[in-house]
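Taking it in order: structure first as structure tokens, then the write-up.
If you read the sequence from its start, that first residue is 1, and numbering goes on from there. Treat the numbers as computed from the prediction; the structure is a model and nothing was measured. What's counted below: heavy atoms across the whole structure, side chains too, no hydrogens, waters or symmetry copies.
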Amino acid sequence: MKAYLLSLGAGLLVGIVYSLMGVRSPAPPVIALIGLAGILLGEQLLPIAHRLIAPSPPIASTEHDA
């Protein structure tokens, strides 16, 4: 949770600095959000694909055969 608050605070600080300097953000907000969504999805694709392709490990039984 602390990382999210730090990230939000950093974003607010940068927004205030941009406003004081009279400049606009480098990318339109919608395009930036779509780009960030793409990054997040891309980060998740490889681990998901790896889990789907890799063979699942055998499940150990806790019951003993008599």
Practice task
Determine, step by step, whether Gln44 and Leu40 satisfy the side-chain contact (heavy atoms from CB on, under 4.5 Å) criterion, reporting the C-alpha distance in whole Å, the side-chain angles of both residues, the deciding distance to 0.1 Å, and the verdict.
Solution key: CA-CA 7 Å; Gln44 298 304 314; Leu40 291 174; 5.8 Å; no
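At a threshold of 4.5 Å between side-chain heavy atoms, the hydrophobic network of Ile, Leu, Val, Met, Phe, Trp and Tyr places Tyr4 and Leu6 in two separate groups. Hydrophobic clustering, with ILVMFWY side chains joined whenever heavy atoms are under 4.5 angstrom apart, groups Met21 together with Val14. Hydrophobic cluster membership differs between Ile39 and Ile34, with clusters built from Ile, Leu, Val, Met, Phe, Trp and Tyr side chains linked at under 4.5 angstrom.
Going from atom CG of Leu12 over to atom CG of Leu5 covers 10.5 Å, rounded to the nearest 0.5 Å.
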